[in-house]
Each structure stands twice: as C-alpha cells, then as structure tokens.
**Student:** 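The following block contains the structure, expressed as structure tokens.
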Amino acid sequence: MRNQSFTLAYGVILTLGIVGTAVAQDNGGPRPSARQQLQHIHTPQSIDQELARLTKDLELTREQQQQVRPLLDEHHDRIQALLDKNPKASRQELAPQIHAISDETHRKVHALLTDHQKELEKAMQQREHNGGENRRSAPPAAASPAS
C-alpha cells in the first residue's frame with residue numbers, strides 16, 4: 001500500500017531531484033551533502049516542470065493546477081528548510097524526512113483528483129514501476145484506461 005500511495009510523491013520528488021538512491025558512489029571520496037547534491041536542481045523551475053508534467057499526465061484542470069501549485073511550492077519550501085537546517089547531512093540521512101514530506105504532498109494532491117484522474121495516476125504508477133518513464137525527459141502520453 002505504501003508503494004501505491006508513494007508513487008505520485010515519488011514522481012514529484014524525482015522530478016524535483018530530491019530523493020532516490022544516493023548519487024555519490026562509495027569510491028573512497030567524500031560524499032557531498034544532500035544540500036550540495038540538490039541545490040542546483042531544487043529550483044522554482046523544477047516546480048513549474050512538475051506541474052506541467054502532472055497537468056499532462058493526469059489531465060489536471062486549470063482549477064486543479066491552481067490548487068496543486070501551492071502544494072508543490074510548500075513541498076519545495078519544506079525540503080529547502082530541511083536542507084537549510086541540516087546543511088551537512090547526506091541524502092540518505094534526510095531520506096526518511098523527505099519521504100514523509102513527499103507522502104503528505106502526495107496525499108493532498110491525490111485528494112484533488114477525479115476518479116478518471118486516479119485511473120490515469122494508476123497507469124502512471126505502473127509505467128514508473130516498470131521503468132517505462134524517464135522522469136528527466138518528456139513523459140510519454142498517458143495511457144487511457146479502458147472506457
């Protein structure tokens with residue numbers, strides 16, 4: 001169940017470049033902090049990109065976009081505050097808090113979706129689970145549920 005409830009948040013945070021597996025390899029060199037890893041990709045433009053992706057994949061209405069944007073802004077601000085408060089912490093150390101923030105954002109976004117959009121979300125989750133969607137490139141057309 002956590003996997004399903006986490007998938008949209010997972011898409012949000014991957015696009016925002018917030019979590020995932022640790023980027024730094026254990027090659028003996030010093031690991032950069034989460035702040036160092038994320039600062040250059042944790043930007044307002046990434047929020048715009050995520051809103052555009054969600055709008056396309058989930059067919060968000062203009063009203064929903066106006067409701068989702070503040071949620072993405074809040075997500076960004078809370079992650080930024082976490083990074084500011086823990087400037088030397090690694091990504092792995094901050095992952096539990098980041099996951100909790102992202103799960104909450106997902107729940108709030110999910111609550112705004114229609115039944116049809118929840119089906120589109122489910123198709124998006126399946127694509128992500130199967131590795132069929134690269135979060136850094138333009139997303140493929142959303143799969144339509146059987147009508």
**Student:** Run the side chain to side chain contact (heavy atoms under 4.5 Å, CB included) check on D57 and L120 step by step: do they pass?
**Tutor:** CA-CA 7 Å; D57 286 356; L120 293 175; over 6 Å; no
**Student:** Can you sort out the partners of K118 under side chain to side chain donor-acceptor pair (under 3.5 Å), two or more places apart, ordered by chain and number?
**Tutor:**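 If we apply the side chain to side chain donor-acceptor pair (under 3.5 Å) test to K118, skipping adjacent residues, there are no hits.
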**Student:** If every non-hydrogen atom of Q97 is compared with every non-hydrogen atom of L82, which pair is closest and at what distance?
**Tutor:**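 It is CB-CD2, 3.6 Å.
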**Student:** Going from CG on L71 to NE2 on H75, what distance comes out if it is rounded to the nearest 0.5 angstrom?
**Tutor:**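 Going from the CG atom of L71 to the NE2 atom of H75 covers 10.5 Å.
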**Student:** Run L83 and I79 through side chain to side chain contact (heavy atoms under 4.5 Å, CB included) and show every step you take.
**Tutor:** CA-CA 6 Å; L83 294 173; I79 298 298; 4.2 Å; yes
**Student:** Partners of E74 by salt bridge (charged side-chain N to carboxylate O under 4.0 Å, His left out), sequence neighbours excluded?
**Tutor:**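 E74 satisfies salt bridge (charged side-chain N to carboxylate O under 4.0 Å, His left out) with K108 once adjacent residues are dropped.
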**Student:** Mind checking what makes side-chain contact (heavy atoms from CB on, under 4.5 Å) contact with E63, not counting sequence neighbours?
**Tutor:**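 Result, side-chain contact (heavy atoms from CB on, under 4.5 Å) vs E63: T61, Q67.
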**Student:** At their closest point, which heavy atom of Q65 faces which heavy atom of L60, and how far apart are they?
**Tutor:**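 Looking at all heavy atoms of both residues, the closest pair is NE2-O, 3.4 Å.
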**Student:** With no hydrogens and no angle check, is any side-chain donor or acceptor of Q117 less than 3.5 Å from a backbone partner on E59?
**Tutor:**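 Checked: pair present.
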**Student:** Which residues satisfy the side chain to side chain donor-acceptor pair (under 3.5 Å) test with T55, sequence neighbours excluded?
**Tutor:**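 With sequence neighbours excluded, T55 shows a side chain to side chain donor-acceptor pair (under 3.5 Å) to no residue whatsoever.
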**Student:** List the steps and the verdict of side chain to side chain contact (heavy atoms under 4.5 Å, CB included) for R107 and D103.
**Tutor:** CA-CA 6 Å; R107 284 190 298 275; D103 283 345; 3.6 Å; yes
**Student:** Between E121 and H110, which heavy-atom pair has the shortest distance, and what is it?
**Tutor:**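 Scanning both residues completely, I find the closest heavy atoms to be OE1-ND1, 2.7 Å.
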**Student:** Strictly below 4.0 Å, N to O, side chains only: are R53 and E50 in salt-bridge contact?
**Tutor:**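 So R53 pairs with E50 through a salt bridge.
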**Student:** Which heavy atom of Q64 sits nearest to which heavy atom of L113, and what is that distance?
**Tutor:**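 Looks like NE2-CA, 3.9 Å.
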**Student:** What distance do Q92 atom CD and I98 atom CD1 have between them, rounded to the nearest 0.5 Å?
**Tutor:**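 Result: 11.5 Å between the selected atoms.
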